Number of protein chains: 2
Amino acid sequence: MATLKQVAAHAEVSVQTVSNALNAPHRLRPDTLERVNRSIELLNYRPNRNARSLRTSAVELIGYCVPSWPNQTHLVMDQFLHALCAAAETSGRHILLFTAPAAVDGMPTYDDLHARRLVDGFVLSQTETHDPRHGWLKDRQIPFVSFGRVWKETTQPGPWVDVDGAAGSAMAVQHLHETGRRRIAFLGWPQSSGLGEDRLAGWRDRCTELGLPTGGLVVRCAEDTIDEGARATAQLIDSGQPPDGIVALSDILALGALRQLGDRGLTAGADVGVTGFDDSPRASVVSPGLTSLRQPMEQIATELIAILTGTRNDVPSERLLLPELVIRGSSAPG
Amino acid sequence: MATLKQVAAHAEVSVQTVSNALNAPHRLRPDTLERVNRSIELLNYRPNRNARSLRTSAVELIGYCVPSWPNQTHLVMDQFLHALCAAAETSGRHILLFTAPAAVDGMPTYDDLHARRLVDGFVLSQTETHDPRHGWLKDRQIPFVSFGRVWKETTQPGPWVDVDGAAGSAMAVQHLHETGRRRIAFLGWPQSSGLGEDRLAGWRDRCTELGLPTGGLVVRCAEDTIDEGARATAQLIDSGQPPDGIVALSDILALGALRQLGDRGLTAGADVGVTGFDDSPRASVVSPGLTSLRQPMEQIATELIAILTGTRNDVPSERLLLPELVIRGSSAPG
DNA sequence: ACGGATGTTTTGAACGTTAAAAACATCCGC
DNA sequence: GCGGATGTTTTTAACGTTCAAAACATCCGT
């Protein structure tokens, strides 16, 4: 593989002139630039990333910890990973994947990757309540950006991009209200989940705004499973005041709701409107199709990379993005 | 962050002596080594990967193309990705993720990553019939190893690690035979799938060895879905000579079989023994639990890295690994 | 014709490691 | 005491870019 030196010899210029042809072509006389570019092409020159990184101290790699639940697929993370890679590449960078223990036990790994100049910074995701990684990185001035806020912190310890769960739930309530529902339930998670409480707040606020009841219409599920979604829905149906709409905090819980409605001889859509969150592939193939809130993965990834690389001066360090409500049969009126 | 130079000054030795302390400590007098190590620790020295890579021409990064189906989770690939990262780290390397168009359209991306010294080589996966990547990389002497063989090629174009699907199907047949089944069916894929034909061959060969019938007992499914598995099972049940055992080529098809059996008032296990492949999380939580063939992900990843890095002279360039049959209720006799 | 300004190209050094050769120190047999 | 062998440490250069300064060429006003 040719080096700058070889290209320079071929074009009968200095190494610096070849470097200028690549990085500052305006410095060169047009005929010199043409000759150098021809040599670059003829010799199939490719810049050596190591040499450049050594001189500039920028490696153009972004560290991302491989999702820590190998026993469980995580659709949102799969889509996110692909979008993140593509966004990084668009900016001339790549993603370096690594494993690390959970919480602070993993911080030495992050520290080491940065100290050895293996990465310039990190993208964090799967943020947990009181997640310690953010503060740890901020304290050490190691660049990072987070997909998701650190829940239940008074101030965020660093830049983030997130999807507005509350707004999403509100959109779902609004939509169900527009299809005629007047008693809309919410299937959520335990109170310890900040994300769950955020989405619940969106449901509650919009119901209140629309004058809809909220009492006795929230069921928190211990786990994010179809069975729990089914159980919670059964509980609502058997409550004596069954809902005519259900906003589920996730597609998984929503699928459980669909199953339970089917078991009770009720029709999703016609009898009870159902919505989920994340717009997983099953949302479209289940019958009826599940109305769901879709997270804008490509936009999320693009914003994360823009914040981390500081390539756009207009980028604020916090970005809350709106999900998109994808309307399907599960919320269509009768 | 301290450099070798700063550590050397602190320890009152040359840069080379510090480098020797790290890489060839046997060259140093014990008291010199101790003094240098103390300086390394005091100054929290971390080697700069770029500098080392520039001098040695080895970047210690392995390129892996992010799975190309963002609309569909792929459990096996999720587990694989985690195992691959961990195995790479164990060898002092990391995974660089990238995106690329499918088939030969993606080859310029591979070429560029290698030419620019962003990676030392590649791990390929999701191999397809007549997959062109392998031959392309081999022709250009770009190091790689493949998780999965290139089906329907007379010779493999490069090193690979794979799971022996045929042996897996044979194990499943053997197991069902041992639980008393004598008419074992196979749910497979279209004939164009090399992997499917391989697994089918294992089923057929073992049935023949055991003197079991094979005629009219194979149903090929157009797609890997629960519905297709259910449809295929219905076809077998309605055939006039229903099977008492079913080996499914994947867990998804097996779940379809379980559903169809339930719909027909038949009990998986007691009435019809069912097995799947891949041991997905649902295999254990479905009722009854699904007997399934589990791929040894950590071993696969470890072998891939060993072949690619050439770190063990005894490693052959082709490794066929056995899956593990995880026995659950779906194959338990009545 | 000359000096200052501007355009274009070259020169020298730096980044931080590793590899190889050289230098220095020590030991031992003759 | 000396020369050869071995142990230990230092010296020198290399890897391939980028950065900054210097040199050279050209232009224009006086």
Side-chain angles (χ1 to χ4, degrees), chain A residues 1-40 43-61 92-93 112-120, chain B residues 1-40 43-61 92-93 112-120:
Chain A
M1 200 64 58
T3 63
L4 282 179
K5 194 171 189 175
Q6 289 165 325
V7 175
H10 187 274
E12 296 185 323
V13 294
S14 70
V15 162
Q16 189 56 45
T17 295
V18 181
S19 181
N20 284 338
L22 293 159
N23 304 311
H26 61 88
R27 290 182 193 280
L28 304 188
R29 263 197 297 124
D31 61 323
T32 305
L33 180 59
E34 191 188 330
R35 188 165 89 253
V36 170
N37 280 336
R38 207 179 312 122
S39 292
I40 286 173
L43 300 184
N44 194 23
Y45 168 77
R46 297 311 169 79
N48 182 310
R49 171 62 64 86
N50 295 309
R52 161 182 258 257
S53 296
L54 178 58
R55 189 60 184 77
T56 64
S57 292
V59 285
E60 318 285 16
L61 293 180
R93 294 168 175 83
D112 192 60
L113 287 169
H114 185 257
R116 287 161 65 207
R117 304 304 312 148
L118 276 155
V119 300
D120 292 329
Chain B
M1 197 67 58
T3 63
L4 282 179
K5 195 171 188 176
Q6 290 165 324
V7 175
H10 188 273
E12 296 184 324
V13 294
S14 69
V15 162
Q16 191 55 44
T17 295
V18 181
S19 181
N20 284 339
L22 293 160
N23 303 311
H26 62 86
R27 291 183 193 278
L28 305 188
R29 262 197 295 123
D31 63 321
T32 305
L33 180 58
E34 189 187 333
R35 187 165 88 254
V36 171
N37 281 337
R38 206 178 314 120
S39 295
I40 285 173
L43 300 183
N44 193 26
Y45 168 76
R46 296 312 169 76
N48 183 309
R49 171 61 65 85
N50 295 310
R52 160 182 257 256
S53 297
L54 179 58
R55 188 60 185 80
T56 65
S57 292
V59 285
E60 320 284 15
L61 292 181
R93 293 169 175 82
D112 192 60
L113 287 169
H114 185 257
R116 287 162 64 204
R117 305 304 310 151
L118 276 155
V119 299
D120 292 330

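Predicted model, so just to flag it, every value in this text is computed and none were measured. Numbers restart at 1 for each chain; the letters A, B, ... are given by sequence-line order, proteins then strands.
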Span of DNA chain D in contact with chain A (heavy atoms, under 4.0 Å): D:dG16 to D:dA20
Touch class at under 4.0 angstrom, heavy-atom based, for B:Thr56 against every strand present: sugar-phosphate
Least distance between heavy atoms, B:Asn20 atom then B:Leu28 atom: CB-CD2, 4.0 Å
Integer-rounded Å distance: C:dT17 P and A:Asn48 CG: 17 Å
Pairwise distance NZ(B:Lys5) to OG(B:Ser14) - rounded to 0.5 angstrom: 12.5 Å
Inter-residue atom distance A:Asn50.CG - A:Arg117.CZ, 0.5 Å rounding: 13.0 Å
Minimal non-hydrogen separation, A:Gly92 against A:Glu60, with atom names: O-CB, 4.1 Å
Rounded distance (Å) that lies between atom P of C:dT10 and atom CG of A:Leu4: 13 Å
Pairwise distance CZ(A:Arg35) to NE2(A:His10) - rounded to 0.5 angstrom: 11.0 Å
Nearest heavy-atom neighbours spanning B:Ser53 and B:Ala58: OG-O, 3.0 Å
Spacing of B:Gln6 atom CD relative to C:dA14 atom P, expressed in whole Å: 15 Å
Phosphate-side-chain proximity, A:Ser14 and C:dT9, N/O vs OP1/OP2 below 4.0 Å: no
A:Val7 versus A:Tyr45, closest heavy-atom pair with distance: CG2-CB, 3.7 Å
Contact residues, residues 19-40 of chain B to DNA chain C [heavy atom, < 4.0 Å]: B:Ser19, B:Asn23
Whole-Å gap separating C1' (C:dC15) and CG (A:Leu54): 4 Å
B:Leu118, B:Leu61, B:Asp120 screened by side-chain contact (heavy atoms from CB on, under 4.5 Å) with B:Leu113, the one that passes: B:Leu118
Spatial distance of atom CG (B:Leu54) from atom CG (A:Asn48) [nearest 0.5 Å]: 6.0 Å
A:Leu118 CG - C:dT17 C1' separation (whole Å): 14 Å
Shortest side-chain distance from B:Thr3, nucleotide among C:dT17, C:dT18, C:dC15: C:dT17
Canonical and wobble pairing (Watson-Crick, G-U, under 3.5 Å) of DNA chain C, dot-bracket with |: ||||||||||||||||||||||||||||||
From A:Thr17 atom OG1 to A:Leu22 atom CG, the distance as rounded to the nearest 0.5 Å: 11.0 Å
Which residue lies more 5' along DNA chain D, comparing A:Gln16 with B:Val15 via nearest heavy atoms: B:Val15
Non-hydrogen side-chain atoms of A:Val18 and A:Val15 separated by less than 4.5 Å: no
